[in-house]
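Have a look at the structure below before the remarks.
All heavy atoms count here, side chains included; hydrogens, waters and symmetry mates do not.
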Amino acid sequence: MSSETRDQQPEELRIVGKKYIGRWISALIVLLILLAVGNSMLSNPRFEWSVIAGNFTGPSIIQGVLMTLQLTAISVIFGFAGGTVLALMRLSSNPVLVAVSWGYTWFFRGVPMLVQLFLWYNIAALYPNISISLPWVGEIWSASANSLISPFSAAVIALVMHQSAYAAEIIRAGIQSVGTGQVEAARALGYRPAQIFRHTILPQAMRAILPPAGNEVIGQLKTTAVVSVISLQDVLFSAQIIYQRTYEVIPLLLVATLWYLLLTSLLSVIQYYVERHFSRSSHRKVKRKAGKTSASGSVSSASISAGETSHG
């Protein structure tokens with residue numbers, strides 16, 4: 001009987017992959033379009049690729065790149081430091097701190113960056129002299145606003161204050177993503193508020209903060225281009241200086257474009273590795289759960305096979 005049943009078993013089914021014809025056609029169309037665009041860019045003499053190659057690493061352009069990186073680093077570091085303070089103020093139980101944090105974020109998110117830059121650059125029109133005075137003592141320090149607010153300092157102040165408003169919302173959302181049970185457990189263990197924030201809230205909040213923060217850093221790098229309107233020599237202003245002398249407008253603008261693409265690509269790579277570092281714990285949890293599931297499944301299958309053997 002068993003030999004007859006074995007002979008009557010059907011042949012093994014062969015799995016045939018599905019043919020995605022529409023996917024291949026759409027990919028072919030996109031590749032043809034990209035090839036056409038690339039060919040037009042390379043064959044068009046008006047792009048003047050030799051001019052682009054000759055100016056890409058020019059001294060003026062490199063100086064502008066360094067200024068762009070300097071402005072980005074300063075504004076991001078101090079902007080996120082101020083954003084952290086604003087986020088903690090917004091989450092505090094003090095209504096005055098909450099109102100001040102909300103008002104700051106509302107104002108600096110609502111006013112365009114270019115307008116803020118012009119306001120700080122022309123602050124001497126409102127306050128010709130900046131001084132510090134104490135009650136019953138009088139003025140202890142005074143200086144001319146024009147001597148204090150240079151194009152560089154105006155750009156730094158505008159970028160930092162603009163960045164801190166956006167960073168505050170990112171950090172606040174990240175802190176609120178941590179469950180209240182985690183905080184209560186840390187309090188039950190006797191942690192002080194500073195220890196709770198440093199050891200419990202911040203490590204878990206970083207996974208929610210890093211993706212938008214990385215995008216914000218990349219956006220801030222591109223936002224620094226507005227400083228060219230106050231004659232601060234960043235990448236764009238360096239390119240403008242050259243093409244105003246040589247009248248090679250498009251090649252020099254493409255030089256600035258390529259530098260921005262290069263810098264944002266490097267920041268994207270850094271963002272990827274930083275996010276992967278802070279998400280390692282979550283990946284470990286997923287792998288641990290998967291291991292437990294597979295182990296329980298193998299135990300169940302072993303028990304079933306043992307039951308069938310005993311029954312036979």
Trace of the side-chain hydrogen bond (donor to acceptor under 3.5 Å, both in side chains) decision for Glu275 with Gln271: CA-CA 6 Å; Glu275 288 181 10; Gln271 177 187 0; 2.8 Å; yes
Test side chain to side chain contact (heavy atoms under 4.5 Å, CB included) applied to Ile171 and Leu86, step by step: CA-CA 9 Å; Ile171 295 171; Leu86 289 169; over 6 Å; no
Stepwise side chain to side chain contact (heavy atoms under 4.5 Å, CB included) check, Thr246 with Val51: CA-CA 11 Å; Thr246 62; Val51 177; over 6 Å; no
side-chain hydrogen bond (donor to acceptor under 3.5 Å, both in side chains) assessment of Ser75 paired with Gln163: CA-CA 7 Å; Ser75 62; Gln163 180 63 66; 5.4 Å; no
Stepwise side chain to side chain contact (heavy atoms under 4.5 Å, CB included) test for Leu32 and Leu28: CA-CA 6 Å; Leu32 290 175; Leu28 180 62; 4.3 Å; yes
Check against side chain to side chain contact (heavy atoms under 4.5 Å, CB included), Val156 and Phe78: CA-CA 10 Å; Val156 167; Phe78 288 98; over 6 Å; no
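Here the straight-line distance linking atom NE2 of His199 with atom CG of Leu189 works out to 12.0 Å at 0.5 Å rounding. Between Ser265 atom OG and Leu261 atom CG the span is 6.0 Å, to the nearest 0.5 Å. Here Asn215 contributes atom CG and Leu267 contributes atom CG; the two are 11.0 Å apart, rounded to the nearest 0.5 Å. Taking CD of Gln63 as the reference point, atom CD1 of Ile241 lies at 8.5 Å (rounded to 0.5 Å). Residue Tyr127 holds its OH atom at 15.0 Å from OG of Ser144, rounded to the nearest 0.5 Å. If you take CD1 on Ile62 and CG on Asn55, they are separated by 11.0 Å, rounding to the nearest 0.5 Å.
In this structure, Glu216 contributes its side chain and Ala167 its backbone to no donor-acceptor pair below 3.5 Å. With hydrogens and angles disregarded, no donor-acceptor distance shorter than 3.5 Å links the side chain of Gln182 to the backbone of Gly179. Looking at Thr68, its side chain never comes within 3.5 Å of a backbone N or O of Asp234 through a donor-acceptor pair. For Ser101 (side chain) and Val98 (main-chain N/O), no donor-acceptor pair under 3.5 Å exists by modelled atom type. In terms of modelled atom types and a separation under 3.5 Å, the side chain of Glu169 and the main chain of Ala165 share no donor-acceptor contact.
At a threshold of 4.5 Å between non-hydrogen side-chain atoms, the residues Lys222 and Thr264 count as touching. A 4.5 Å side-chain heavy-atom check between Leu71 and Leu232 finds at least one atom pair inside the cut-off. A heavy-atom distance below 4.5 Å is found between the side chains of Met161 and Tyr104. Between Val255 and Ile242, every side-chain heavy-atom pair lies at or beyond the 4.5 Å cut-off. Looking at heavy atoms from C-beta onward, Leu159 lies out of side-chain contact with Ile74 at the 4.5 angstrom threshold. Inter-residue side-chain proximity for Val229 and Tyr121 is flagged as unmet; no heavy-atom pair is nearer than 4.5 Å. A 4.5 Å side-chain heavy-atom check between Arg207 and Ser177 finds every atom pair outside the cut-off. Annotation: side chain of Phe152 is in contact with side chain of Gln70 (closest heavy-atom distance under 4.5 Å).
Ser228 and Leu236 make their closest contact through OG-CD2, 3.6 Å (heavy atoms, listed as atom of the first residue, atom of the second, distance). Across Pro251 and Ile52, no two heavy atoms sit closer than the pair O-CG1, 3.6 Å. Nearest heavy atom pair, residue Ser268 against residue Ile218, reads OG-CD1, 3.5 Å. Residue Ile230 comes nearest to Pro151 through the heavy atom pair CD1-O, 3.5 Å, listed as atom of the first residue, atom of the second, then distance. The shortest non-hydrogen separation linking Leu148 to Ala143 is CD1-CB, 3.9 Å. Residue Glu248 comes nearest to Tyr243 through the heavy atom pair O-CB, 3.4 Å, listed as atom of the first residue, atom of the second, then distance.
Under the 4.5 Å side-chain heavy-atom criterion for Ile, Leu, Val, Met, Phe, Trp and Tyr, Leu253 and Ile61 are members of the same hydrophobic cluster. When hydrophobic clusters are built by joining Ile, Leu, Val, Met, Phe, Trp and Tyr residues whose side-chain heavy atoms come closer than 4.5 Å, directly or via intermediates, Val115 is grouped together with Phe108. Residues Leu262 and Leu254 share a hydrophobic cluster, clusters being chains of Ile/Leu/Val/Met/Phe/Trp/Tyr side chains in contact below 4.5 Å. Following chains of ILVMFWY side-chain contacts shorter than 4.5 Å, one cannot reach Leu221 starting from Val226, and the two form parts of different hydrophobic clusters. By the criterion of side-chain heavy atoms lying less than 4.5 angstrom apart, applied directly or through intervening Ile, Leu, Val, Met, Phe, Trp or Tyr residues, Met67 is not grouped with Val76; the two fall into different hydrophobic clusters.
Annotation: ring pair (Phe, Tyr, Trp, His ring centres under 6.0 Å) contacts involving residues 18-59, sequence neighbours excluded, comprise Phe47-Trp49, Phe56-Trp259.
Counting non-hydrogen atoms of other residues, nucleotides and ligands closer than 6.0 Å to CD1 of Ile21 gives a total of 12 or fewer.
Phe237 pairs by the ring-ring contact (aromatic ring centres under 6.0 Å, His included) definition with nothing, not counting sequence neighbours.
Between Trp106 and Trp102, the ring planes lie parallel to each other; the angle is under 30°, not in the 30° to 60° tilted range.
No salt bridge links Glu184 with Arg187; every basic N to acidic carboxylate O contact stays at or beyond 4.0 Å.
If you look at Tyr166 and His162, their ring centroids are closer than 6.0 Å.
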